[in-house]
Amino acid sequence: MQYVLLIYDDETQWASLPPEQVGAMMGEYRAFSQAMVDEGKMRAGDALQPTRAATTVRVRNGETLVTDGPFAETKEQLGGYYLIEAESLDDAIDAASRIPGARNGSIEVRPVMVFEN
């Protein structure tokens, strides 16, 4: 079964980290990504641009409304994701617990819905 591992973190903390800490954390992410590849679990994954680069689209009464950024004032923002293949929810949780961002933020584990044709 496929699971999306959504990485939530405080993006303002990333901006305040010294370059050597950012480099070390990115090295940990590369190692985690490679582990997912080596374990045959990796399907996709990417980091996202900061929320200031986001655009939110809503359609209300047939009118398309476009606003800059997300509206939610939260401590943690969606910063990236992994799409993995896992044997069970426990297997997906194990993978999520190894994502470096889990130490400071949170990882949402969500099964991918499969539609029959």
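These numbers come from a predicted model, not from an experiment.
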Heavy-atom count around Glu87 CD within 6.0 Å, excluding the residue itself: above 12? no
Assess whether atom CZ of Arg98 is packed by more than 12 heavy atoms of other residues, nucleotides or ligands within 6.0 Å. yes
Taking every non-hydrogen atom, the tightest pair across [X] and [Y]:
| X | Y | result |
| --- | --- | --- |
| Ile84 | Met36 | CG2-SD, 4.1 Å |
| Ile7 | Tyr81 | CD1-N, 4.1 Å |
| Ala96 | Ala102 | O-CB, 3.9 Å |
| Gly101 | Tyr29 | N-OH, 3.0 Å |
| Gly105 | Glu76 | CA-OE2, 3.3 Å |
| Ser88 | Tyr3 | C-OH, 3.4 Å |

Out of curiosity, Gln13 CD to Gln21 CD, how far, rounded to the nearest 0.5 Å? 10.5 Å
How many angstroms lie between CE in Met42 and CD in Gln34, if you round to the nearest 0.5 Å? 9.0 Å
Set out, in order, the CA-CA distance, both residues' side-chain angles and the distance that settles side chain to side chain contact (heavy atoms under 4.5 Å, CB included) for Thr64 and Val57, then state yes or no. CA-CA 7 Å; Thr64 301; Val57 177; 3.9 Å; yes
Do [X] and [Y] belong to the same hydrophobic cluster, where Ile, Leu, Val, Met, Phe, Trp and Tyr are linked whenever their side-chain heavy atoms lie under 4.5 Å apart, directly or via other members?
| X | Y | value |
| --- | --- | --- |
| Phe32 | Leu48 | no |
| Val112 | Leu89 | no |
| Met1 | Val4 | no |
| Val109 | Tyr8 | no |
| Leu78 | Met26 | no |

Would you mind reporting whether [Y] and [X] have side-chain heavy atoms less than 4.5 Å apart?
| X | Y | result |
| --- | --- | --- |
| Ser33 | Tyr82 | yes |
| Glu28 | Arg103 | yes |
| Ile107 | Leu6 | no |

When you look at Asp91 and Lys41, which way does the salt bridge (Lys or Arg N to Asp or Glu O under 4.0 Å) test go after all the steps? CA-CA 10 Å; Asp91 190 30; Lys41 294 179 179 173; 2.8 Å; yes
Indicate whether the side chain of Asp10 and that of Thr12 have a donor and an acceptor atom separated by less than 3.5 Å. yes
Qualifying residues under side chain to side chain donor-acceptor pair (under 3.5 Å), relative to Glu11, sequence neighbours excluded: Thr51
